[in-house]
Number of protein chains: 2
Amino acid sequence: MKVNLPTDETEKAALKQARDEFVSQWGALGSQWGISRTMAQIHALLMISEQPMTTDELMDELQISRGNAHGNVKELVAWGLVRQVVVRGERKEFFEAEKDVWEIARTVARERKRREIEPALGVLRECVEKSSTWKSAEAQAFHQQVRQLEEFVSFASKVADQVSGMKHGFALQLAAKLLG
Amino acid sequence: MKVNLPTDETEKAALKQARDEFVSQWGALGSQWGISRTMAQIHALLMISEQPMTTDELMDELQISRGNAHGNVKELVAWGLVRQVVVRGERKEFFEAEKDVWEIARTVARERKRREIEPALGVLRECVEKSSTWKSAEAQAFHQQVRQLEEFVSFASKVADQVSGMKHGFALQLAAKLLG
DNA sequence: CTGAATTTTCAGAATAAACTGAAAAACATG
DNA sequence: CATGTTTTTCAGTTTATTCTGAAAATTCAG
C-alpha cells in the first residue's frame, strides 16, 4: 500500500479546505443570485464530487436537515442541473450534477427564460394590446413605452432560445460572433 | 376648453387601470428577479411617467412609507436606472427613469456583471490558483472542474463587457450576429 | 403480508429581508 | 441666524423565506 508522505497529507487537508471554501462561497453567490444558499451549496458540492451522493451525505456534509436537503436537491432536479442515478446494489437514491459548463449554461438560459422572460412578456403584451387603440397623448406615450419594452424582451427571448439551442461547442460559435 | 366625451372618460379610466396593472405586475416580476418588489414598482412607475416625480408622489401612488420610497429610489439611482433632475422653481428632488430600452439593457448588463459575475470570478480564480500544483487524482479533478467554470464565467464577463460597450443601436448589431 | 429502509410532507421555529414612522440632520430662504 | 422645508437615518416591527424534525407515506426484500 502507498505510503502517505507528509506532502500527501498536507495536500489532502488543503484540498478539503479548498472544496469547503468553494461550496461555502458558491452558496453565498447563490443568494446574490435569485436562488437559496443551500440549493447553491448542494449544486457546488455535487459539481465537485466525483461520485454521486445520497441525501444523507448532503445532510452530513452541509450540516442541514433531511427536509431541507430533500427539497433542495429535488428542486435542482426540476431545474435540470442535477439528475438521480442508480448505483448498483444500493437502495438509496444517488444524485449527480451535470458537470459540463456549456450544458449548465444552456439549462440556466432555458430556465431563466421560462421563469423571468416569459412572464414579463405576458404582462407587456397585455399592456401593448390594451393600449393600442387609445387616442390621448398620455395613452399613446404609455403605449410607446410598453411597446419598446415588449420588443426588447421579445428579442431577449429569441436570444435565450438561440443560446439554449446551441450544441456542445457553442461557446466557440458565440464567441466568434460576438467577439470576432 | 375641450369637452370630455364619454369615450374620453372611459379611456382615461382604462389608462389609469392599465398603468396600475403594469406597475403591480412589474413589481411582482421584480421579486422573481433578484430585486425588491417596491424597487421594481418605482422603476415601472417612473418608466411610464411623462414627468419626473418626487418622493411624496411615489409614496402616495404606491402607498409606501417615506423611508421605503427614499431608500429604493436612491438604490435605483445607484444602479444608474434613475436620475435626479432639477425642476425650475421647485425645492423638492425630482426623479426620472432612463426610458431607452437599450440604455436600460446596457446598465443592467454592467451592474449584473459587477454584482454577480465578478465575485464569482474571484472565488473561482482563487480555487484554480490554489489547486494548480496539486498532484493527487482527486485534487486534479477538482482543479479541472473549477478551471472549466472559471473559463466559462470569464467568457460571460467578456460578453457582458461587449454588450455594455455597444452603442445605441446595438440590438441590431447583436441581432445580426446572433440570429443572422 | 410484514417489517425495515427510505423518501416525502408539512406545521411550526428560526432566519433574513423589507418596511414604517418618527426623529435627526441637512438645506434653503429671508 | 431663525425658521420652515426636505432629505436622511435607523430602531423596532412586520412580512416573507427558509429550515427543522418528526410523522406519514412509500418502497422493497424476504
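Below, chain A is the first sequence line, B the second, and so on; all start at residue 1. Just so it is clear, the model here is predicted, and its values are computed rather than measured.
- Across all strands shown, B:Ser31 has no heavy atoms under 4.0 Å from either base or sugar-phosphate atoms.
- One can place CZ of B:Arg66 at 11 Å from C1' of D:dT5, the figure rounded to the nearest angstrom.
- Among the heavy atoms of the strands lying under 4.0 Å from B:Thr38 are primed sugar atoms or P, OP1, OP2 only; no base atom is included.
- Atom CD1 of A:Ile64 sits about 7.5 Å away from atom CD of A:Gln41, to the nearest 0.5 Å.
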Distance-only donor-acceptor hits, side chain of residues 73-84 of chain B, under 3.5 Å, sequence neighbours excluded:
unit_1, atom_1, unit_2, atom_2, d
B:Arg83, NE, B:Glu96, OE2, 3.2
B:Arg83, NH1, B:Glu98, OE1, 3.2
B:Gln84, NE2, B:Glu93, OE2, 3.1

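- Residue pairs that meet the salt bridge (charged side-chain N to carboxylate O under 4.0 Å, His left out) test with at least one member in residues 136-157 of chain B, sequence neighbours left out, are B:Arg125-B:Glu150, B:Arg147-B:Glu151.
- Comparing C:dT8, D:dT7, C:dC19 by their closest approach to the side chain of B:Asn72 singles out C:dC19.
- Taking the C1' atoms of five terminal pairs at each end of the helix from C:dC1-D:dG30 to C:dG30-D:dC1, the two resulting helix axes are inclined by 30°, rounded to 10°.
- Ring geometry for B:Trp102 against A:Phe152 counts as perpendicular: the plane angle is over 60°, on a 0 to 90° scale with 30° as the lower cut.
- Closest to the side chain of A:Ser65, out of D:dC19, C:dT9, D:dT9, is D:dC19.
- A residue-by-residue look at A:Asn68 and A:Arg91 shows that A:Asn68 has its nearest nucleotide of DNA chain D further toward the 5' end.
- Atom OG of A:Ser24 and atom CZ of A:Arg37 lie 8.5 Å apart (nearest 0.5 Å).
- The distance between atom CD of A:Glu90 and atom C1' of D:dA29, rounded to the nearest whole Å, is 15 Å.
- Residue B:Ser36 has its side chain nearest to C:dC19 when only C:dC19, C:dT6, D:dT20 are considered.
- When distances run from any side-chain atom of B:Arg37 to the nucleotides C:dC19, D:dT7, D:dT18, the shortest one goes to C:dC19.
- Under a 4.0 Å N-O distance rule, the pair B:Glu116/B:Arg112 qualifies as a salt bridge.
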